[in-house]
Amino acid sequence: MPTNYCELDILDNVHEYETIQLPEGVFHIKCLLQCSNIILKGAGLDKTFIVFDDYAKKLDENYFLYNTFRSWTMAVCGDNVAMEDLTILNEAGQPETKGQQIALTVYGDNFKMRNCRLSSTQDTLFLGPLPDDLIKRYDGFLPNHLRAKKQCRQSFENCLIEGTIDFIFGSGETTFDHCELRSLKDVRNTGFVAAPSHGLAQEQGFVFRNCVFTADEGVEDGSIYLARPWRDHGMCEFIDCIYGSHISPLGFDHWSGTEREKTARFHETPCVQGRVSWVK
């Protein structure tokens, strides 16, 4: 574990909301937050930065790969956690050689984020829980708080979330209201905003409501897809959103090498002309 590592669990038994105020500055730290019922407030998304640089293909002290799900800058595992007015950044870069690099992992229930920025490249934001097959696969590799099977409901309001490939992914029951989803330039000249992995029993997936989809300079027109299903029954809904020219007219991808167009639960209102036939 790096020396600049922080684990917040001292407030685990707090029943009233406790506010932690962060000042202006750049905090180069990897932070695991296991306490519940807290509000983490920064001085502004352009003033308070939590930054780290782990990535999936990095080797740990035992020469094991970090893996996607240990690459986070911050992981939130407590319930009833809110964050406001800060930026969380994974600055590893070069995902084409370093692999996935998570800025924020959320494994808590009733998580709320407002007026924040999340920035990385591939796999910026992971919304737990893991798919069932990965919960089993990573038994003994990931700690229980990063592979628990639980309900995880999250909401994001007025946030900027940016990345390249699958930069919002997981099985959370999550709403995004009035957020900006920004696709960054990638040498692979393609990208996907969302990669949901919801189980069939889940009735809500990712809901994007009144969101704006933008792109960095150099991102080619039509090169970015709104979503592709990471697992068979992945669920996304796009309601009254605004799309830049970088979004493919098809809108959605079935995940190459699969037939997940038969099981994916993707919805768009209103549905843009030219979308794939299997979007509802």
Taking every heavy atom of Glu203 against every heavy atom of Met235, the minimum-distance pair comes out as O-CE, 3.3 Å
Does the ring center of His246 lie less than 6.0 Å from the ring center of Phe213?
no
Report yes if the distance between the aromatic ring centroids of His28 and Phe52 is under 6.0 Å, otherwise no.
yes
Calculate, to the nearest 0.5 Å, the distance between atoms CG and CG belonging to Asn90 and Leu104 respectively.
11.0 Å
Salt bridge between Arg228 and Asp166, side-chain N to carboxylate O under 4.0 Å?
yes
Shortest non-hydrogen separation from Leu146 to Cys77 and the atoms involved:
CD2-SG, 3.9 Å
Does CZ in Arg275 sit with more than 12 non-hydrogen atoms of other residues, nucleotides or ligands closer than 6.0 Å?
yes
Look only at the side chain of Arg260 and the backbone of Pro229, and say whether a donor-acceptor pair between them is shorter than 3.5 Å.
yes
Between Phe169 and Phe126, what is the ring plane arrangement, given parallel below 30°, perpendicular above 60°, and tilted in between?
tilted
Ile88 vs Leu86, test: side-chain contact (heavy atoms from CB on, under 4.5 Å). Steps then yes/no.
CA-CA 7 Å; Ile88 301 173; Leu86 53 82; 3.7 Å; yes
Could you tell me how the ring of Tyr138 sits relative to the ring of Phe141: parallel (under 30°), tilted (30 to 60°) or perpendicular (over 60°)?
tilted
Is the closest side-chain heavy-atom distance between Phe167 and Leu184 below 4.5 Å?
no
May I ask you to test the Gln154-Val76 pair for a side-chain heavy-atom distance under 4.5 Å?
no
If I compare all heavy atoms of Thr68 with all of Ser71, which pair ends up nearest, and what's the gap?
O-OG, 2.7 Å
Non-hydrogen side-chain atoms of Gln151 and Arg153 separated by less than 4.5 Å
yes
Does a side-chain heavy-atom distance below 4.5 Å link His233 with Arg265?
yes
